[in-house]
Amino acid sequence: MQFEVLRMKGTDEQVKNDLRELVPFLGSMYTDQDERLHGELAFQMDAFLFLWDNGGVFLLLGRNENRELQMVAVCSQYRDLWTGVTRVEIQRVSMLQGLDPAAEIDKMTKYLKGVSSLLKFKQLYYCEQYEDGTIVKRLVHNEVK
């Protein structure tokens, strides 16, 4: 799988084209267990677009050798309030059925570790979500000494 970081493009048409391809993946990130816990999906597109435009969120896309979209991850990037360290958190991941989630997430985190200096972050967290609503942030990369 080949990965690419998707930041918001410059024109409305480019953003629309990107979102057309991403909508099925973004919609599937809200699971049945999320609906039981939080109610129906009420995705705040304006907040997402604001964060995407301002660099608070980026999307990590996984494509096969034919450039077909296989996986999408929503990642937040910010400076930690307590330490001042820039971190990336992999918030949610959606991938096509038939892929091995553990293996693909491992590949994705290795890719992000490899481009940490380009994306200018020191820590990488993976957010694991459980059926009871618990979210655990697991540190998977730390350049801070």
Side-chain angles (χ1 to χ4, degrees), residues 1-64 66-99 101 104-144:
M1 185 158 320
Q2 301 167 346
F3 294 100
E4 92 185 61
V5 172
L6 182 63
R7 302 256 188 213
M8 184 180 268
K9 303 273 187 350
T11 68
D12 289 346
E13 192 60 36
Q14 289 171 318
V15 171
K16 283 182 200 175
N17 288 337
D18 288 339
L19 288 175
R20 276 189 201 107
E21 184 179 31
L22 300 171
V23 163
F25 288 90
L26 293 174
S28 71
M29 288 179 184
Y30 198 74
T31 65
D32 292 340
Q33 75 188 32
D34 288 326
E35 189 169 347
R36 284 192 302 276
L37 287 169
H38 308 294
E40 289 185 28
L41 174 66
F43 189 73
Q44 296 179 16
M45 184 60 81
D46 56 341
F48 169 75
L49 291 174
F50 174 78
L51 289 170
W52 194 24
D53 185 39
N54 289 295
V57 169
F58 65 86
L59 301 168
L60 183 65
L61 310 180
R63 296 184 183 276
N64 65 13
N66 296 325
R67 303 279 307 142
E68 296 165 334
L69 193 58
Q70 304 289 299
M71 179 173 70
V72 174
V74 175
C75 303
S76 58
Q77 184 169 3
Y78 63 94
R79 185 175 304 273
D80 180 68
L81 178 65
W82 299 103
T83 64
V85 174
T86 303
R87 68 168 56 166
V88 166
E89 292 181 1
I90 303 166
Q91 298 290 333
R92 292 189 181 236
V93 178
S94 176
M95 64 185 73
L96 294 179
Q97 288 184 350
L99 295 175
E104 296 305 327
I105 289 168
D106 185 55
K107 289 177 196 174
M108 176 180 55
T109 56
K110 285 179 181 172
Y111 171 80
L112 285 170
K113 288 177 193 179
V115 296
S116 63
S117 62
L118 293 171
L119 295 177
K120 299 182 174 142
F121 70 87
K122 299 283 186 192
Q123 294 179 329
L124 175 63
Y125 286 81
Y126 179 75
C127 298
E128 296 180 82
Q129 301 183 16
Y130 297 94
E131 287 193 31
D132 67 353
T134 303
I135 299 173
V136 175
K137 294 179 184 183
R138 185 171 44 96
L139 180 65
V140 293
H141 177 70
N142 187 7
E143 292 179 19
V144 178

> Hey, mind stepping through Leu49 and Leu19 against side chain to side chain contact (heavy atoms under 4.5 Å, CB included) and telling me if it holds?
Replying inline: CA-CA 11 Å; Leu49 291 174; Leu19 288 175; 4.3 Å; yes
Please tabulate, for side-chain N and O atoms in residues 119-127, each donor-acceptor pair with protein atoms closer than 3.5 Å (sequence neighbours left out).
{"from": "Gln123", "atom 1": "NE2", "to": "Asn142", "atom 2": "OD1", "distance (Å)": "3.3"}
{"from": "Tyr125", "atom 1": "OH", "to": "Arg87", "atom 2": "NH2", "distance (Å)": "3.4"}

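- For Lys110, the side chain to side chain donor-acceptor pair (under 3.5 Å) partners two or more places apart in sequence, or in a different chain, are Asp106.
- Thr83 has its side chain out of reach of Val144: every pair of non-hydrogen atoms, C-beta onward, lies at least 4.5 Å apart.
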> What do the steps show when you test Phe3 against Leu112 for side chain to side chain contact (heavy atoms under 4.5 Å, CB included), and what is the final call?
Replying inline: CA-CA 9 Å; Phe3 294 100; Leu112 285 170; over 6 Å; no
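- With sequence neighbours left out, Glu13 forms a side chain to side chain contact (heavy atoms under 4.5 Å, CB included) with Thr11, Lys16, Asn17, Arg20.
- Residue pairs meeting the salt bridge (Lys or Arg N to Asp or Glu O under 4.0 Å) criterion with at least one member in residues 125-137, sequence neighbours excluded: Glu89-Lys137, Glu128-Arg138.
- How far CG of Leu60 is from CE of Met71: 6.0 Å, rounded to the nearest 0.5 Å.
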> Stepwise, does the side chain to side chain contact (heavy atoms under 4.5 Å, CB included) test hold for Met108 with Met1?
Replying inline: CA-CA 9 Å; Met108 176 180 55; Met1 185 158 320; over 6 Å; no
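- Residues forming a side chain to side chain donor-acceptor pair (under 3.5 Å) with Ser28 (at least two apart in sequence, or on another chain): Ser94.
- Looking at heavy atoms from C-beta onward, Phe25 lies out of side-chain contact with Leu59 at the 4.5 angstrom threshold.
- Side-chain contact between Ile90 and Val140 is absent, with no heavy atoms from C-beta onward closer than 4.5 Å.
- Taking both residues in full, the closest heavy atoms of Gly10 and Gln14 are given as N-OE1, 3.4 Å, listed atom of the first, atom of the second, then distance.
- You'll find the side chain of Val72 reaches within 4.5 Å of the side chain of Met29, heavy atoms only.
- Evaluation of the side chain to side chain donor-acceptor pair (under 3.5 Å) rule for Glu104 yields Lys107 as partners, not counting sequence neighbours.
- Looking at residues two or more places apart in sequence or on another chain, you find a side chain to side chain donor-acceptor pair (under 3.5 Å) between Gln77 and Arg7.
- Remark: Gln2 pairs with Arg67 by the side chain to side chain contact (heavy atoms under 4.5 Å, CB included) rule, at least two apart or across chains.
- Within the structure, the side-chain hydrogen bond (donor to acceptor under 3.5 Å, both in side chains) test picks out no pair touching residues 46-56 (sequence neighbours left out).
- Taking Val57 as the reference, Phe48, Leu51, Val74 meet the side chain to side chain contact (heavy atoms under 4.5 Å, CB included) condition, with sequence neighbours excluded.
- Here Arg79 contributes atom CZ and Thr86 contributes atom OG1; the two are 3.5 Å apart, rounded to the nearest 0.5 Å.
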>> Determine whether Met95 and Ile105 satisfy the following criterion, side chain to side chain contact (heavy atoms under 4.5 Å, CB included), listing intermediate values before the conclusion.
In response: CA-CA 10 Å; Met95 64 185 73; Ile105 289 168; 4.2 Å; yes
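- A donor-acceptor distance shorter than 3.5 angstrom exists from the side chain of Gln33 to the backbone of Tyr130, with no hydrogens or angles considered.
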